[in-house]
Enquirer: 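Attaching a single structure in structure tokens format; questions to follow.
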Amino acid sequence: MLNKSYGMKDGFLIGGILIIVGLLLQLIDGPVVWDVFRWPINGIVLVGFLTLIAVTFLLRKKVRVFQFIGTYKAAIPALVYTVVLTIIMGLTRQTMDGEWLHNMLSFWPFVLIYMYVAVILGQIILRRIQQFSNWRRDIPFMLNHLGLFVAMTTATLGNADMQRLKMITVVGETEWRALTSQQQIMELPITIELKKFIFETYDDGSPRRFASDIQIQTKAGKTIQTIVDVNKPVEVDGWKIYQYGYDTEMGADSQVSILELVSDPWLPLVYTGIYMMLAGAVCMFLFGGAKRRQIETKED
């Protein structure tokens with residue numbers, strides 16, 4: 001079985017088995033609990049995952065199923081499953097406390113297929129490194145695929161360390177506590193004082209703009225006076241502060257402003273992966289253009 005020749009049907013079969021295993025895990029154990037993977041657990045998992053990819057690559061000549069994982073016959077079915085699940089995610093309402101298809105990021109079949117695609121991608125990257133021969137062709141390929149791998153893995157594992165909190169501030173009062181999605185109180189390393197709530201309306205009286213004039217005190221003792229507007233967050237000590245809401249009954253006279261604070265320490269790594277893919281696209285354009293000019297010169 002381990003030494004048989006694999007084809008596209010086997011790729012769909014492997015993906016189907018992962019879907020079934022995922023459904024069983026969802027039924028028996030519930031959704032993926034990402035909080036379990038908080039640092040340093042997610043760092044250990046990342047090292048283990050990279051080791052798994054390296055081992056399967058080194059053993060590919062002895063175990064054909066490992067060799068198969070790095071081929072298009074495995075990649076295409078895996079991508080089909082990924083696209084289908086992603087479309088389902090786009091068509092169903094996603095919530096943090098949703099179940100099954102309503103929280104795809106914690107849905108075992110989606111997570112297992114996602115991991116399988118990352119393993120395939122890792123195998124393809126290692127194979128191209130081993131066969132590196134033409135820098136004009138291989139560098140764009142490496143940037144695109146390695147960038148995608150970095151973005152995928154860090155976005156997934158970093159999800160456990162992301163914090164999204166709500167802080168209720170009152171004019172003239174200093175606040176350092178915020179609420180988690182489970183309504184638990186969390187103390188922050190920064191304090192925020194609401195100086196003034198800003199509320200502007202259109203001629204018909206409907207809200208046009210609402211924002212918060214706040215003073216932030218950092219752990220290092222730095223004082224920052226700024227305005228947090230909708231879709232214009234302020235970033236302080238790794239926290240992004242968003243304008244979230246206010247006392248709608250009071251409207252322009254509201255003395256309360258609700259802020260959302262988001263911390264995502266793995267985000268720079270995700271951006272690194274994205275920038276690598278952009279660099280790969282630029283290299284493809286530049287190298288491709290140079291190659292076309294060489295061909296045109298020879299024809300002339």
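Hydrogens, waters and symmetry mates play no part in the numbers below; they use all other heavy atoms, side chains included.
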Enquirer: Are the side chain of Asp229 and the backbone of Ala211 linked by a donor-acceptor contact shorter than 3.5 Å?
Expert: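 No; judged by distance alone, with no hydrogens or angles, the pair does not exist.
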
Enquirer: What distance do Leu146 atom CG and Met277 atom CE have between them, rounded to the nearest 0.5 Å?
Expert: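 If I round to the nearest 0.5 Å, the distance is 10.5 Å.
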
Enquirer: Quick check: closest heavy atoms across Ile120 and Ala74, and the distance to 0.1 Å?
Expert: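 So the minimum-distance heavy-atom pair works out to CD1-O, 3.7 Å.
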
Enquirer: Check this for me, if you would: do Glu187 and Arg177 make a salt bridge, where the nitrogen-to-carboxylate-oxygen distance has to be below 4.0 angstrom?
Expert: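 No.
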
Enquirer: Hey, does Leu165 have a side-chain heavy atom less than 4.5 Å from the side chain of Leu188?
Expert: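 Contact flag for Leu188/Leu165 side chains = yes.
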
Enquirer: Quick one: are Lys9 and Leu13 in side-chain contact, heavy atoms under 4.5 Å?
Expert: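 A side-chain contact under 4.5 Å is absent here.
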
Enquirer: Give a yes or no on whether Phe37 atom CZ has more than 12 heavy-atom contacts from other residues, nucleotides or ligands under 6.0 Å away.
Expert: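 Check fails, neighbour count at 12 or below.
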
Enquirer: Report the residues that fulfil salt bridge (Lys or Arg N to Asp or Glu O under 4.0 Å) with Arg128, sequence neighbours left out, ordered by chain and then residue number.
Expert: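 In terms of salt bridge (Lys or Arg N to Asp or Glu O under 4.0 Å), with neighbours along the sequence ignored, Arg128 is linked to Asp138.
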
Enquirer: Do the non-hydrogen side-chain atoms of Phe107 and Pro31 ever get within less than 4.5 Å of each other?
Expert: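 The answer is no, as the side chains (C-beta and beyond) never meet within the 4.5 Å cut-off.
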
Enquirer: Same cluster or not: are Val171 and Val256 linked, directly or through other Ile, Leu, Val, Met, Phe, Trp or Tyr residues, by side-chain heavy atoms under 4.5 angstrom apart?
Expert: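 Different hydrophobic clusters.
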
Enquirer: Pairs in or reaching into residues 50-73: which pass ring-ring contact (aromatic ring centres under 6.0 Å, His included), with residues at least two apart or in two chains?
Expert: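 Sorted pair list: Tyr6-Phe68.
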
Enquirer: How many angstroms lie between CG in Leu18 and CG in Leu23, if you round to the nearest 0.5 Å?
Expert: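 Atom-to-atom, Leu18:CG and Leu23:CG are 11.0 Å apart.
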
Enquirer: If hydrophobic clusters are built by linking Ile, Leu, Val, Met, Phe, Trp and Tyr wherever their side-chain heavy atoms come under 4.5 Å apart, do Ile198 and Phe210 end up in the same one?
Expert: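 No, Ile198 and Phe210 fall in different hydrophobic clusters.
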
Enquirer: Do side-chain atoms of Gln26 reach the backbone of Trp108 as a donor and acceptor pair under 3.5 angstrom?
Expert: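 Present.
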
Enquirer: Kindly write out the residues that satisfy salt bridge (Lys or Arg N to Asp or Glu O under 4.0 Å) with Asp247, not counting sequence neighbours, or none if the list is empty.
Expert: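 None.
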
Enquirer: Could you go step by step and tell me if Lys219 and Ile190 meet the side chain to side chain contact (heavy atoms under 4.5 Å, CB included) rule?
Expert: CA-CA 6 Å; Lys219 191 175 182 179; Ile190 60 174; 5.8 Å; no

Enquirer: Quick check against the 3.5 Å criterion: does Asn144 have a side-chain atom that pairs as donor or acceptor with the backbone of Pro140?
Expert: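 Yes, the answer is positive, given that a donor and an acceptor are paired below the 3.5 Å cut-off.
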
Enquirer: Would Phe110 and Leu105 count as a side chain to side chain contact (heavy atoms under 4.5 Å, CB included) here? Give the steps.
Expert: CA-CA 7 Å; Phe110 182 81; Leu105 294 180; 4.1 Å; yes

Enquirer: Please indicate whether Glu249 has more than 12 foreign heavy atoms, meaning atoms of other residues, nucleotides or ligands, lying under 6.0 Å from its CD.
Expert: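 Not buried by this count: 12 neighbours or fewer within 6.0 Å.
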
Enquirer: Who else is in Ile185's hydrophobic cluster (ILVMFWY, side-chain heavy atoms under 4.5 Å, direct or via others)?
Expert: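 Grouped by the 4.5 Å side-chain rule, Leu179 form the rest of the cluster around Ile185.
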
Enquirer: Using a 3.5 Å distance criterion without hydrogens, assess whether the side chain of Thr92 forms a donor-acceptor pair with backbone atoms of Leu101.
Expert: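 At least one qualifying donor-acceptor pair exists.
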
Enquirer: Taking a hydrophobic cluster as the set of Ile, Leu, Val, Met, Phe, Trp and Tyr residues connected by side-chain heavy atoms closer than 4.5 Å, whether directly or through intermediates, do Val45 and Tyr114 fall within one such cluster?
Expert: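 Same cluster.
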
Enquirer: Taking C-beta and beyond as the side chain, do Ile139 and Phe132 meet within less than 4.5 Å on heavy atoms?
Expert: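 Result yes, sub-4.5 Å side-chain heavy-atom pair found.
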
Enquirer: Please check if the side chain of Arg38 supplies one atom and the backbone of Ala160 the other of a donor-acceptor pair under 3.5 Å.
Expert: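 It does hold such a pair.
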
Enquirer: Find the distance between CG (Leu50) and CG (Leu46) and round it off to the nearest 0.5 Å.
Expert: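 Answer for the CG-CG pair, Leu50 versus Leu46, is 4.5 Å.
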
Enquirer: How many angstroms lie between atom OH of Tyr116 and atom CD1 of Ile14, to the nearest 0.5 angstrom?
Expert: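 So the gap between those two atoms works out to 4.0 Å.
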
Enquirer: Going only through I, L, V, M, F, W and Y residues with side-chain contacts under 4.5 Å, is there a path from Val234 to Leu267?
Expert: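 The answer is no; the residues belong to distinct hydrophobic clusters.
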
Enquirer: With a 3.5 Å distance limit and no angle check, can you tell me whether Ser206 reaches the backbone of Tyr202 through a side-chain donor-acceptor pair?
Expert: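 Not a single qualifying donor-acceptor pair exists.
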
Enquirer: Under 4.5 Å between any side-chain heavy atoms of Thr191 and Gln215, yes or no?
Expert: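 The answer is no; the side chains never approach within 4.5 Å.
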
Enquirer: Is there side-chain contact between Ile53 and Phe149, with at least one heavy-atom pair below 4.5 Å?
Expert: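 Yes - at least one pair of side-chain heavy atoms lies under 4.5 Å apart.
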
Enquirer: Evaluate the criterion side-chain hydrogen bond (donor to acceptor under 3.5 Å, both in side chains) for residue pair Gln225 and Asp213; output intermediate values, then yes/no.
Expert: CA-CA 8 Å; Gln225 189 76 33; Asp213 184 350; 2.9 Å; yes

Enquirer: Say you draw a straight line from CE of Met186 to CE of Met167; how long is it, rounded to the nearest 0.5 Å?
Expert: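 So the CE of Met186 and the CE of Met167 are separated by 10.5 Å.
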
Enquirer: For Ile168, does the CD1 atom sit with more than 12 other heavy atoms under 6.0 Å from it, leaving out its own atoms?
Expert: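 Incorrect, the count does not exceed 12.
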
Enquirer: Is the ring pair His145/Phe141 parallel, tilted or perpendicular, if the boundaries are 30 and 60 degrees?
Expert: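 The arrangement is parallel - the two ring planes meet at less than 30°.
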
Enquirer: Please report the shortest heavy-atom distance between Gly11 and Tyr81, naming the atom on each side.
Expert: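 Heavy atoms of Gly11 and Tyr81 come nearest at O-CE1, 4.5 Å.
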
Enquirer: Please report the closest heavy-atom contact between Leu121 and Met152, naming both atoms and the distance.
Expert: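 So the minimum-distance heavy-atom pair works out to CD2-SD, 4.1 Å.
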
Enquirer: Within the side chain of Gln123, is there an N or O that forms a donor-acceptor pair under 3.5 Å with the backbone of Ile125?
Expert: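 Checking the backbone N and O of Ile125 against the side chain of Gln123, no donor-acceptor pair under 3.5 Å is found.
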
Enquirer: Write out all pairs satisfying side-chain hydrogen bond (donor to acceptor under 3.5 Å, both in side chains) with one or both partners inside residues 261-282, taking only residues at least two apart or from two chains.
Expert: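 Listed once each, the pairs are Asp161-Trp266.
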
Enquirer: Drop me the distance from Thr169's OG1 to Leu194's CG, to the nearest 0.5 angstrom.
Expert: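 Output value for this atom pair is 4.0 Å.
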
Enquirer: Side chains of Gln163 and Trp239, heavy atoms from C-beta outward: is any pair under 4.5 Å?
Expert: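 Yes - at least one pair of side-chain heavy atoms lies under 4.5 Å apart.
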
Enquirer: What I want to find out is whether Lys73 reaches Asp10 closely enough, with some N-O distance under 4.0 Å, to be called a salt bridge.
Expert: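 The answer is no: the pair does not qualify as a salt bridge.
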
Enquirer: Kindly work out whether a path of hydrophobic side-chain contacts (I/L/V/M/F/W/Y, heavy atoms less than 4.5 Å apart) joins Ile258 to Phe197.
Expert: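 No; tracing contacts between hydrophobic side chains, which count when under 4.5 Å, never links both residues.
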
Enquirer: Would you say that more than 12 heavy atoms from the other residues, nucleotides or ligands in this model lie under 6.0 Å from the CG of Asp204, or not?
Expert: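 Count over threshold, so yes.
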
Enquirer: For Lys195, which residues count as a salt bridge (Lys or Arg N to Asp or Glu O under 4.0 Å) partner, sequence neighbours excluded?
Expert: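 Scan of Lys195 (salt bridge (Lys or Arg N to Asp or Glu O under 4.0 Å), adjacent residues dropped) gives Glu193.
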
Enquirer: Quick one: are Thr226 and Ile241 in side-chain contact, heavy atoms under 4.5 Å?
Expert: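 They are not in contact (no side-chain heavy atoms under 4.5 Å apart), so the answer is no.
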
Enquirer: Begin with the C-alpha distance, continue with both residues' side-chain angles, and end with the deciding distance and a verdict on side chain to side chain contact (heavy atoms under 4.5 Å, CB included) for Ile87 and Val83.
Expert: CA-CA 6 Å; Ile87 291 173; Val83 170; 3.8 Å; yes

Enquirer: For Tyr244, I'd like to know if atom OH has over 12 heavy atoms of other residues, nucleotides or ligands within 6.0 Å.
Expert: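 Not more than 12 within 6.0 Å, no.
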
Enquirer: Determine whether Trp34 and Val111 satisfy the following criterion, side chain to side chain contact (heavy atoms under 4.5 Å, CB included), listing intermediate values before the conclusion.
Expert: CA-CA 11 Å; Trp34 286 111; Val111 174; 4.0 Å; yes

